[in-house]
J.: 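Sharing a structure with you now.
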Number of protein chains: 2
Amino acid sequence: MTDERVEFRVSPDRYKHWRVSYDGPVATLVMDVDEHGGLVPGYELKLNSYDLGVDIELYDAVQRLRFEHPEVRAVVITSGKPKIFCAGANIRMLAGSAHGWKVNFCKFTNETRNGIEDATASSGQTYLAAVNGTASGGGYELALACEHIMLVDDRSSAVSLPELPLLGVLPGTGGLTRVSDKRHVRRDLADYFSTKAEGIGGKKAVQWRLVDEAVPRPRWDETVAERAAELAGRSGRPASAEGVMLTELGKTRDGDIIRYAHVEARLDRDAGSVDISVKGPQNDPPASIDEARNSGFWPLAVTRELDDLILDLRTNEPELGTWVFRTAGDPALVLAHDEFLLASAADWFANEVLHYLKRTLRRLDVTSRSLIAVIEPGSCFAGSLLELALAADRSFQLAGVFEAVDPSTGDPDAGPATITLGDINLGPLTMSNGLTRLQTRFWGDEAGYEAAAKRRGTPLEAEDAAELGLITFAPDDIDWDEEIRIATEERASFSPDALTGLEANYRFAGPETMETKIFGRLSAWQNWIFNRPNAAGPDGALRRFGTGQRAVFDRKRV
Amino acid sequence: MTDERVEFRVSPDRYKHWRVSYDGPVATLVMDVDEHGGLVPGYELKLNSYDLGVDIELYDAVQRLRFEHPEVRAVVITSGKPKIFCAGANIRMLAGSAHGWKVNFCKFTNETRNGIEDATASSGQTYLAAVNGTASGGGYELALACEHIMLVDDRSSAVSLPELPLLGVLPGTGGLTRVSDKRHVRRDLADYFSTKAEGIGGKKAVQWRLVDEAVPRPRWDETVAERAAELAGRSGRPASAEGVMLTELGKTRDGDIIRYAHVEARLDRDAGSVDISVKGPQNDPPASIDEARNSGFWPLAVTRELDDLILDLRTNEPELGTWVFRTAGDPALVLAHDEFLLASAADWFANEVLHYLKRTLRRLDVTSRSLIAVIEPGSCFAGSLLELALAADRSFQLAGVFEAVDPSTGDPDAGPATITLGDINLGPLTMSNGLTRLQTRFWGDEAGYEAAAKRRGTPLEAEDAAELGLITFAPDDIDWDEEIRIATEERASFSPDALTGLEANYRFAGPETMETKIFGRLSAWQNWIFNRPNAAGPDGALRRFGTGQRAVFDRKRV
């Protein structure tokens, strides 16, 4: 879609599409999309429709509210346009986009909406959708991510999911799943609603549970303020704490190397892979949580860098299908930082860092790239960083040490590689399925889980780690390079689509949640439909929308 | 794929590909596929590979074992070929098939494998896979549907899922889901296994949980017999009962009308819909379950007819996208038959009928057609037949009576249409998600569920039924024809693909099970991949398989 690289780093002074205002415990996010501010040329963002650029700003705003505004306990999302709340994703943008762009765009918007729900559930920042005009498609889906939906009752405003009747596709941002599994709209009413392009407003929208209340315009402002105050009242966030500014993330690009302070990515275009290395902390954790409150705090800094890198590579480097993770540093210092965080978990800031790490690791889980962890002497796959290996599709841990080490690149005296489970692996960093990566790994194997969990705190060399089922393979020095080379090369030879499907299935054993349903079921169907001539073909509904011509469908049901 | 209609009615004397033998409580199903016995021309069924025709026979065999052989407590599935158990679905058949055919084929094979698991779980007929040679792809997936998998340990036999490395697609019959969620193979080992075309055999296959035991050839026969006897020993099926023969199902075709004894389907090609009417029982239930033991017993007969009709229309009429269900008869007689069945549920035959009805309704749930129930005076949407309305995407119940009735087609004295919940709606007829249709309908609305359930046994007219949330719309005589016409016509105007995705999402609110994961997640990904040029394009892996040429992939990850 574009030759330029998409950047996810942004800050409020550069927003084109959103305004944020603060009134004590209530913040208001006003969507006021600049028609001419599209990320790439070729479409106008009319009627508060959005593209990736609009959503990058929303993601930034949601993040900053959590870190920079401990005093904010309720967030109102509303529109700055008259009569329209939000028209959803821009159709011309979608119709003109390559399949991969559409899918990646939907994934990111999904993650941001999940993040809104996570702020409500985990952070005492409850979102309120003040739908002051029609909310259609992605616009209604944005409202669905909020805890409470208010719709103006003016005989013209409505909520709708017109994707099926108008575009021949499905709502792409969790709409169907949230309608049925979050708002508990009865399935036959949901079906009817999703085929009615003009949507439903007023009392019927309330009766059908599509919104929580319909409020006449004369009472609108006061009722929104009242509701926001009520929601803010439920929160346990501190009233007088000072926020932690998310300062501009340092990032440089040098040819095919992307560097941050703690994370570095080397792109290998021949191999179709990226080598990602993550540095552990260099120092002990701060003496107190108060001293930790800055964006240089290692767990926060490294999470921000990983987050940005994942988004960058996903969007800008679709041909690099395998990501190889390495770490370097002292495992004890990683564990010390984890313990520091867990011990401070009642503190709002420590809580934010933990949940941000959780969300970033979840982003990795739904990334359509093969993930390989390579565990070598000098690495620090312990606690929070061990999650990278547990998130990987395969992991390799060197048995013993390298026989010959080049002193310019490695430590000849380094002992054998180890991994170490910490308490952080046993609880807070849940996947989208509600389980930890360790629980998912041992799903249906209670004894295996117990045996592994019992060893937490103990550095495990390769044989032990393999025996316990914590790593996949434990080659020794003789086979090491060859095994990793073969795994990477083989991966690059397979169908990228089949790998995406394989990984999306195997990464989520066990129970399902709304989040896994959105990524696993709804997205898979949507991707299928996006790819069908009935939607994306020259006579398909998505391409014909707005042309005055009706779509031509192959009527065969599949 | 073929101009001829596919028939699902078959019987053992006509099997081309399977042999069934009986030895007291143990039956053996020998797969011995006739290479030249393909359902349509264009491929040879080498190496015990299968097409729809092979699976139609398997389905028939599994059904007959349950009804005709109460004495059978364990079923051994094995191969009649040397060195090969089963090579899975025939690749040339798949490569030469239209997308819709592939998807429908996979759905049916999935249902048959789910049926094998249902026999094990619900019927005391436990399946044992005696894998006496290599089982690859769908061959291993067939074994995965069995409770116990034995693999011959001969240094050459292996189990494998070579779909990804060889064909660029996913296993299409639940393989990934059963590997992770049923056999609890660790996700990284599962990933490795699914990329290794030659598969894994011997002790490693046992260690990785891919099979339950590896048995050397010299001890093979005796060990299989031993294991089968053990599994048979767990069963509660009666030893001396007489089976109920599934006599040839009466079915006639007269132009666009398909008629059975109790079910009739009128195909409307202009409207793109099928009118399906189901007759309730004409008489009281038999005096005792012993008198019910014949294939004319109404609940069994009507279920067989519905089952055959669903399979027939799915396969042969893909352009008829909406099925409209009506019933005719006395609701009290339907409820009397339901109660008779429930009262006899401890009897093996009553148990079989109930589970068969459950499986047939599940088939309806995963059918990619819009389902509409039309509830008129003279209808009998009560108990088991009410499930048709609860399975529908929308239902219409006439409020009041028709003002003018043509005495040649209707009863002018008929009272208003009613629906009646029975005990059968509150328990045994679970959907794939493990909930009843009533529970799914009221998922997240406990009060709504209780209010409806409390009225069981009471005939509910349209206003009451609508108020309780049991039907969608209750138009009166003035609007009736128009509303139903609009609903059907509108449905026919939408994208068939988007409807399929919408229905697949809304029909399954709430929890997920292995079955819903297979139909909702794995199948959706598989359908997407089937549709991508990397698999099905002229240079794709599926088309290039066996040509000696490597597939050419677009390397972009989506």
Side-chain angles (χ1 to χ4, degrees), chain A residues 99-100 103 164-165 168-170 176-177 180-181 184 186-188 190-192 194-195 272 318-319 321 368-369 393-395 441 443-445 469 472 490 494-498 500-502 504-507 509 512 520-522 524-529 531-532 534-535 541 553 555-558, chain B residues 99-100 103 164-165 168-170 176-177 180-181 184 186-188 190-192 194-195 272 318-319 321 368-369 393-395 441 443-445 469 472 490 494-498 500-502 504-507 509 512 520-522 524-529 531-532 534-535 541 553 555-558:
Chain A
H99 181 58
V103 171
L164 183 140
V169 299
L170 298 185
L176 303 186
T177 309
S180 65
D181 282 46
H184 304 303
R186 224 175 61 214
R187 53 168 289 204
D188 52 342
D191 177 284
Y192 178 79
S194 307
T195 61
E319 298 210 351
S368 58
R369 302 292 188 281
D393 301 300
R394 293 189 201 168
S395 53
R441 190 173 187 84
W443 182 244
D445 176 15
T472 318
E490 190 191 61
F494 293 143
S495 159
D497 304 325
T500 294
L502 184 83
N505 277 278
Y506 276 152
R507 289 180 188 168
E512 299 254 347
R521 171 191 287 267
L522 180 56
W525 280 110
Q526 173 73 318
N527 293 356
W528 175 71
I529 294 164
N531 226 31
R532 298 270 297 161
N534 281 343
F553 294 132
R555 301 243 46 103
K556 285 195 281 299
R557 277 290 198 120
V558 172
Chain B
H99 181 59
V103 170
L164 184 139
V169 298
L170 298 184
L176 303 185
T177 308
S180 65
D181 282 46
H184 304 302
R186 224 175 60 214
R187 52 168 287 203
D188 52 342
D191 177 285
Y192 178 80
S194 307
T195 61
E319 298 210 352
S368 58
R369 301 293 189 279
D393 300 299
R394 293 189 201 168
S395 53
R441 190 173 188 84
W443 181 244
D445 177 15
T472 318
E490 191 191 60
F494 294 142
S495 158
D497 304 325
T500 294
L502 184 84
N505 277 278
Y506 277 153
R507 289 179 188 169
E512 299 255 348
R521 171 190 287 267
L522 180 55
W525 280 111
Q526 172 73 317
N527 293 355
W528 175 71
I529 294 163
N531 225 32
R532 297 270 298 159
N534 281 341
F553 293 132
R555 302 241 49 98
K556 284 196 282 301
R557 276 291 197 120
V558 172

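Numbers restart at 1 for each chain; the letters A, B, ... are given by sequence-line order, proteins then strands.
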J.: Can you tell me which of B/Asp445, B/Asn505, B/Val103, B/Leu522 forms the most heavy-atom pairs within a distance under 4.5 Å of chain A?
T.: B/Asn505
J.: Given the options B/Pro165, B/Gly168, B/Gly100, which has more heavy-atom pairs under 4.5 Å with chain A than any of the others?
T.: B/Gly168
J.: Tell me which of these, B/Pro496, B/Gly444, B/Gly272, has more heavy-atom pairs under 4.5 Å with chain A than the rest.
T.: B/Pro496
J.: Working to the nearest 0.5 angstrom, can you tell me the gap between A/Ser495 OG and B/Asn534 CG?
T.: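 Taking OG in A/Ser495 and CG in B/Asn534, the distance rounds to 4.5 Å.
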J.: Under 3.5 Å, is there a donor on one side chain and an acceptor on the other for B/Asn531 and A/Asn531?
T.: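 There is no such pair (donor and acceptor under 3.5 Å, judged by atom type) between the side chains of B/Asn531 and A/Asn531.
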J.: With a 4.5 angstrom heavy-atom cut-off, could you sort out which part of B/Val169 is near chain A: side chain, backbone, both or neither?
T.: backbone
J.: Return the option, out of B/Ser180, B/Gly321, B/Ala509, B/Ala535, with the maximum number of heavy-atom pairs under 4.5 Å with chain A.
T.: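 When all of B/Ser180, B/Gly321, B/Ala509, B/Ala535 are compared, B/Ala509 has the most.
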J.: Could you tell me the separation between the CG atom of B/Asp497 and the CZ atom of A/Arg532, rounded to the nearest 0.5 Å?
T.: 4.0 Å
J.: Just how far is it from atom CG of A/Asp191 to atom OG1 of B/Thr472, taken to the nearest 0.5 Å?
T.: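 Here the interatomic distance stands at 8.0 Å.
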J.: With sequence neighbours left out, what residues match A/Arg369 under salt bridge (charged side-chain N to carboxylate O under 4.0 Å, His left out)?
T.: none
J.: For B/Ser194 and A/Leu502, work out which heavy atoms get closest and say how close.
T.: CB-CD1, 3.7 Å
J.: I'd like to check the side chain to side chain contact (heavy atoms under 4.5 Å, CB included) partners of A/Arg507; sequence neighbours left out, ordered by chain and number.
T.: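 Here the qualifying residues are A/Leu371, A/Asp393, A/Glu503, B/Arg187.
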J.: Which of the residues A/Ser395, A/Ala504, A/Ala190 is involved in the greatest number of heavy-atom pairs with chain B at under 4.5 angstrom?
T.: A/Ala190
J.: Chain B heavy atoms under 4.5 Å from A/Gln526: which part of the residue, side chain, backbone, both or neither?
T.: neither
J.: Kindly compute the distance separating NZ (B/Lys556) from OG (A/Ser368), expressed to the nearest 0.5 Å.
T.: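 That separation rounds to 13.0 Å.
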J.: So what's closer than 4.5 Å to chain B heavy atoms on A/Ala541: side chain, backbone, both or neither?
T.: neither
J.: Answer yes when A/Asp188 and B/Arg394 have at least one side-chain N-carboxylate O distance shorter than 4.0 Å, and no when they do not.
T.: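 Salt bridge flag = no for B/Arg394 with A/Asp188.
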J.: Taking the side chain as every heavy atom from C-beta outward, state whether B/Arg186 and A/Arg441 have any pair of such atoms under 4.5 Å apart.
T.: yes
J.: Work out which heavy atom in A/Leu176 is nearest to a heavy atom in B/Tyr506; give both atom names and the distance.
T.: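 In terms of heavy atoms, the two residues are closest at CD2-OH, 3.2 Å.
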J.: Drop me the distance from B/Thr195's OG1 to A/Phe494's CZ, to the nearest 0.5 angstrom.
T.: 4.5 Å
J.: Drop me the distance from A/Arg521's CZ to B/Trp525's CH2, to the nearest 0.5 angstrom.
T.: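 Rounded to the nearest 0.5 Å, the CZ-CH2 separation comes out at 13.5 Å.
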J.: Can you confirm whether A/Val558 sits close enough to B/Thr500 that some side-chain heavy atom of one is under 4.5 Å from a side-chain heavy atom of the other?
T.: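 The answer is no; the side chains never approach within 4.5 Å.
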